[in-house]
There are 2 protein chains.
Amino acid sequence: MEDQKKRILLVEDDPNFGTVLKDYLMMNDYEVTHAKNGMEGFEKFKKDDFDLCILDVMMPYKDGFTLAKEIREKNTDVPIIFLTAKTMKEDVLRGYKVGADDYLNKPFDSEVLLMKIKAIIQRKATETISDSKQFEFKIGSFDLNSKLRFLRFNGGEPVKLSPKENELLRLLALHENDLMPRELALTKIWRDDNYFTSRSMDVYIAKLRKYLKLDDKVEILNIHGEGFRLVINT
Amino acid sequence: MEDQKKRILLVEDDPNFGTVLKDYLMMNDYEVTHAKNGMEGFEKFKKDDFDLCILDVMMPYKDGFTLAKEIREKNTDVPIIFLTAKTMKEDVLRGYKVGADDYLNKPFDSEVLLMKIKAIIQRKATETISDSKQFEFKIGSFDLNSKLRFLRFNGGEPVKLSPKENELLRLLALHENDLMPRELALTKIWRDDNYFTSRSMDVYIAKLRKYLKLDDKVEILNIHGEGFRLVINT
DNA sequence: TCTCCTTTTAACCTTACATTAACAAAAATG
DNA sequence: CATTTTTGTTAATGTAAGGTTAAAAGGAGA
């Protein structure tokens, strides 16, 4: 882990600033891929795995937020830091909405950036212990393939799951027989915790229950005010 | 939702600013304890559990960093946000060194602070994997699972407990065969000690007695004017 | 544009919970 | 022993959370 250089995707349209920043990061032992605009950024993102994305907000053609949204669709976990030109409140708030981990106002101090990078990467490292790599689950007589998004009963015809159905069921499966806190699903899947996302989640719970009805040993229980519990009765 | 308001410790020596900030946070559904200086801040921190600390850096007697260090010694997890008067790089870096989760330069936008608070608290929520606090108790022939909120008699069908039933029984179990002071339950569970909460607690004691009747070796005794005692007769 | 699929929002209903009231019983007080 | 205080218990009430279905809104691709 330590001996592997961390990979950073830097998307910054100002060629001077971008190059300087890239060099600075490389001097500090990061492996940096520099994209000059949003399109290129997304292309490079799809081709490689990164530990962190640093996105300029103000870019022609495709701004940082749009790019962030696209990135989030592919990967819900990768940390994102925004570079905003000024202290623009709207920018900051919008950034958090698309799941920013932090933002920095230009001009910023490079050491501060370094600290932030370190803090964020380390945080993700502790967070992502077992979670992120598990994609196949046995749930009673069901098989869930969370990568291909299908659920199969008794080895029969697989049912396709929508992205949200899939993520939610996966999260429940990761906590099999244990509490899966409401808050966890809302922050991880919906990235927001309010009345409506909460109701939306309840709708999805109902959908999952419908799928799982085929096996009466499998059920999703509610723990009032806390969350849900996927139990497999033996 | 009343009992799961997030609790914030705000340490800020400027009385005007502190009060305004406190009110603002309270308006946004946080429970705020306001300490006027570092000493008081530490005292209050020791007395209660907080979900987040917001510390002013510049304070007489005991500055925010020193306070943060003391807090970290007691609790390695609680998120800390610093308020720094100016963009002082040294401050920011020093802040990260003592384990800050974020910092804000005064003056700051209150909505941004709110977003940061939300983001940080949510992050901590997701990190909580399986804190090995004590959640399982053996009470005579009962098993109490305080995380999943159920009580099982003799390995049979578990009975669901309401949050208050659960907390109260857990507190009694933690003091098994010993006095569990009224006041303790009222301050810990009800967070308020008055005639009505006290009566409410008595109602819950009655409910618990009903559950526990199944095992005649288990009983909840009253110690008049003092509290209750969960005894397990052998 | 018009589909199809997904997600959100709305509506309505049920269940779960906590509080409060009311009255009875026990314990303390003096 | 009369009176006050505390506790035991049950029931009624009000509110919040969750279950479910359907309609509306959004989004991607034809």
Side-chain angles (χ1 to χ4, degrees), chain A residues 42 66 69-70 72-74 76 97-98 149-151 159-169 171-172 179-183 185-186 188-213 219-230, chain B residues 1-5 29 148-151 158-169 171-172 179-183 185-186 188-213 219-230:
Chain A
F42 192 52
T66 314
K69 253 189 86 182
E70 292 176 356
R72 275 276 168 270
E73 275 167 27
K74 291 240 133 225
T76 53
K97 273 246 158 86
V98 283
R149 291 211 322 251
F150 67 69
L151 182 67
V159 178
K160 262 196 125 334
L161 297 181
S162 84
K164 285 252 168 12
E165 289 168 351
N166 174 58
E167 292 261 301
L168 186 55
L169 185 53
L171 214 52
L172 285 164
L179 171 67
M180 193 283 290
R182 266 192 111 75
E183 224 197 336
L186 292 174
K188 277 219 167 191
I189 302 177
W190 276 266
R191 296 192 167 275
D192 190 13
D193 180 350
N194 61 46
Y195 173 76
F196 289 108
T197 54
S198 195
R199 293 322 327 268
S200 191
M201 168 169 173
D202 289 331
V203 170
Y204 277 92
I205 289 287
K207 294 186 190 202
L208 291 181
R209 284 191 172 129
K210 225 172 249 174
Y211 290 135
L212 298 176
K213 242 194 329 237
E219 50 184 338
I220 298 176
L221 301 183
N222 173 255
I223 299 177
H224 199 95
E226 298 287 329
F228 293 93
R229 194 155 86 93
L230 176 67
Chain B
M1 273 296 191
E2 278 314 298
D3 35 62
Q4 58 187 66
K5 270 191 192 172
D29 263 339
L148 303 178
R149 283 207 335 241
F150 66 71
L151 182 67
V159 179
K160 286 206 208 182
L161 297 182
S162 87
K164 287 253 168 11
E165 289 167 354
N166 174 58
E167 295 253 298
L168 186 55
L169 185 51
L171 214 53
L172 285 163
L179 171 67
M180 193 282 292
R182 263 194 115 75
E183 211 203 330
L186 291 174
K188 279 231 164 195
I189 302 176
W190 276 265
R191 300 212 154 144
D192 187 14
D193 182 350
N194 62 46
Y195 172 76
F196 289 108
T197 54
S198 194
R199 294 319 333 269
S200 192
M201 168 169 171
D202 289 330
V203 171
Y204 278 92
I205 289 287
K207 294 186 190 199
L208 291 181
R209 284 189 173 130
K210 220 176 252 176
Y211 291 135
L212 297 176
K213 243 192 332 234
E219 50 185 338
I220 298 175
L221 301 183
N222 173 255
I223 300 175
H224 201 91
E226 300 288 327
F228 294 92
R229 198 155 83 91
L230 175 68

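What's counted below: heavy atoms across the whole structure, side chains too, no hydrogens, waters or symmetry copies. Residue numbers begin at 1 in each chain, while the letters A, B, ... track the order of the sequences.
Put simply, NZ on B:Lys213 is 14 Å from P on D:dG8, counting in whole angstrom units. Between the P atom of C:dC17 and the CD atom of B:Glu165 lies a distance of 7 Å, rounded to the nearest Å. Nucleotide C:dA16 holds its C1' atom 13 Å from the CZ atom of A:Phe228, rounded to whole Å. Here the C1' atom of nucleotide C:dC17 and the CZ atom of B:Arg149 are 9 Å apart, to the nearest Å. What separates CD of A:Glu219 from P of D:dG19 is a distance of 12 Å, to the nearest Å. Rounded to a whole Å, the CG atom of B:Asn194 is 14 Å from the C1' atom of C:dA18. One interatomic measurement links the two molecules: CZ of A:Arg72 to C1' of D:dG27, which rounds to 20 Å at whole-angstrom precision. With rounding to whole Å, B:Asp202 atom CG is found 13 Å from C:dT19 atom P.
For B:Tyr195 and B:Val203, each mapped to the nucleotide of DNA chain D holding its nearest heavy atom, the one lying further toward the 5' end belongs to B:Tyr195.
Candidate nucleotides D:dG18, D:dG19, C:dT8 were compared by shortest atom distance to the side chain of A:Ile205, and D:dG19 ranks first.
Residue B:Ser200 places at least one side-chain N or O under 4.0 Å from the OP1 or OP2 atom of C:dT19. Side-chain N/O atoms of B:Arg182 include none lying less than 4.0 angstrom from OP1 or OP2 on D:dT6.
Donor-acceptor pairing under 3.5 Å, judged by distance alone, is present between the side chain of B:Arg199 and the base of D:dG8.
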